[in-house]
Amino acid sequence: MPLLPVVDTDPNAVPLTLVTYKAYGSWRDSQPEKLRTWLEAVGFRPEAGNFCLFPTLEGDLGGGIVGLGDGTDRWATGRLAHALPEGAYCLHELVGVEAVDQDVISTWAVLAWCLGAYRFDQYKAEPGSKSATLVWPERADKAYVLGTANAAILTRDLINTPAEDMGPSALAAASQILADTHGAHLDTIVGDDLLTLNLPAIHAVGRAAVETPRLIDLKWGDDKNPKVTLVGKGVCFDSGGLDIKPSSGMRLMKKDMGGAATVLGLADWIMRAKLPVRLRVLIPAIENAISGNAFRPGDIIKTRKGPTIEVGNTDAEGRVVLADALALACEETPALLIDCATLTGAARVALGPELPALFSPDDKLAHDLEASGKDQNDPVWRLPLWEGYRKLIDSKVADINNAGESGFAGAITAALFLKTFVDDEVPWAHFDLFGWNPDDKPGRPVGGEAYAQRALFDVIAKRFC
Ligand code: BES
Ligand code: MN
Ligand code: ZN
């Protein structure tokens with residue numbers, strides 16, 4: 001478990017006052033004259049995330065003011081862990097925050113602090129970058145913060161780890177550690193056993209890599225509880241296969257197991273919270289590599305469920321491995337089936353990095369996920385599973401093609417492809433997500449990122465508790 005920059009108490013903690021734009025003027029006017037003069041001298045403006053430290057009369061660090069803007073930006077404290085001098089701080093007062101919002105602002109103050117403190121520095125000569133710590137605010141929901149922060153950090157670490165050290169076997173090892181931590185059961189089906197056990201699509205896509213392809217299958221919780229199954233795309237590196245990616249497109253492809261990382265983080269949170277579900281996590285863990293035995297454009301691949309896949313493009317590998325995982329998931333008719341995948345560039349063209357594309361034939365489930373996303377400060381955006389575009393992935397020689405030739409609606413045709421392998425009676429949602437912060441934002445440093453995780457936890461907790 002990562003060490004979060006929070007402490008239970010610290011007698012020397014520097015008090016921080018968080019203040020909204022609206023309340024700032026009258027708050028400042030009620031302060032001692034010296035502080036008023038100081039705040040004016042430095043030109044402090046209480047925009048979200050702005051801060052100003054001030055001294056005691058003796059010249060020590062006396063306290064700080066942090067702007068909350070209009071009070072709706074939950075990430076206001078997201079840069080403080082590294083922007084403030086090292087040491088302990090505490091929340092002294094939330095000024096201008098309505099009574100009903102005090103809990104959520106306190107919770108988010110510490111959550112944004114923790115998520116913003118994250119650095120991936122294990123590979124540096126001197127790892128362990130220092131950050132300022134926060135005393136647990138009294139009103140913060142500690143279990144929630146620990147659940148979501150640890151989940152996101154696990155997801156980020158898995159994504160940020162270079163493919164050299166996060167291949168299919170390392171991803172399975174990380175899953176084993178997670179299983180051991182929570183008393184879950186882990187099965188891994190490796191190499192030719194995929195053929196014996198009828199998971200031919202996973203084998204076909206992953207067979208060219210030096211590390212053998214595998215299916216990771218984690219199970220946790222009472223069998224009598226409702227079955228919640230999470231499927232994650234675990235392409236540990238996506239070179240594009242024989243339809244090789246250009247260097248710009250390949251550069252970030254260590255993150256092509258971002259879906260797997262997202263569901264493993266979510267699983268950590270679900271098990272930590274002991275939600276009354278029977279959880280299953282299925283991850284086809286492969287590398288899309290080039291070798292003499294690589295799958296080829298024009299090949300026709302068998303699947304577990306039956307429909308054959310013509311390979312239009314070996315770079316549309318994710319949907320092929322997910323086909324077998326989703327079919328296996330449906331065999332026990334789960335009460336909820338979710339898949340997360342860094343599936344298409346088209347979803348990024350449509351929605352950019354910050355909004356995971358959500359697809360579901362189930363309107364209630366989609367609405368619940370959108371509502372939870374809004375509420376949890378983890379927005380998702382629904383796109384249509386438009387059956388009219390299914391003809392774009394028709395094949396003349398097989399039952400379906402893995403890549404449309406037209407390039408139209410690439411995220412939708414990928415989602416329709418997956419739907420082919422999901423049973424109609426299973427409530428299912430698919431997230432096509434980016435898994436990466438391309439630029440620094442408060443609480444969200446550049447690098448691997450857990451999108452849709454809080455939205456998903458909230459929906460699962462509300463449905464099954
Ligand atoms: N992993 C990629 C999708 C991707 C690329 C996600 C960049 C995020 C950023 C996926 O395997 C892929 O290569 N998809 C192709 C599909 C195409 C060949 C039909 C794509 O989107 O270009
Ligand atoms: Mn690809
Ligand atoms: Zn991929």
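Atoms within each ligand, like the ligands themselves, are counted from 1 in listed order.
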Tell me whether Asp315 has at least one N, O or S atom under 2.8 Å from the Mn ion (ligand 2). yes
Please work out which of Asp238, Asp243, Val235 has its closest non-hydrogen atom nearest to atom 2 (C) of ligand 1. Asp238
Pairing donors with acceptors under 3.5 angstrom, does anything connect the side chains of Thr308 and Asp399? yes
Counting backbone and side-chain atoms alike, does Asp315 have an N/O/S atom under 2.8 Å from the Zn ion (ligand 3)? no
Return the residue, atom name and 0.1 Å-rounded distance of the protein heavy atom closest to atom 7 (C) of ligand 1. Met253 CE, 3.4 Å
Is Lys364 salt-bridged to Asp368, going by a charged N under 4.0 Å from an acidic O? yes
Who's closest to atom 10 (C) of ligand 1 heavy-atom-wise, of Val321, Thr344, Leu343? Leu343
Record the part of Met257 in heavy-atom contact with ligand 1 below 4.0 Å; permitted values are side chain, backbone, both and neither. neither
Taking just the N, O or S atoms of Glu317, which one is nearest to the Mn ion (ligand 2)? OE1
Below a 4.0 angstrom heavy-atom separation, can you tell me which part of Arg319, side chain or backbone, both or neither, approaches ligand 1? side chain
With a cut-off of 4.0 Å, which atoms of ligand 1 are near a heavy atom of Thr342? 1 (N), 2 (C), 3 (C), 6 (C)
Of Thr413, Asn288, Asp315, which has the heavy atom at the shortest distance from atom 12 (C) of ligand 1? Asp315
Metal proximity, Lys233 vs the Zn ion (ligand 3), N/O/S cut-off 2.8 Å: yes
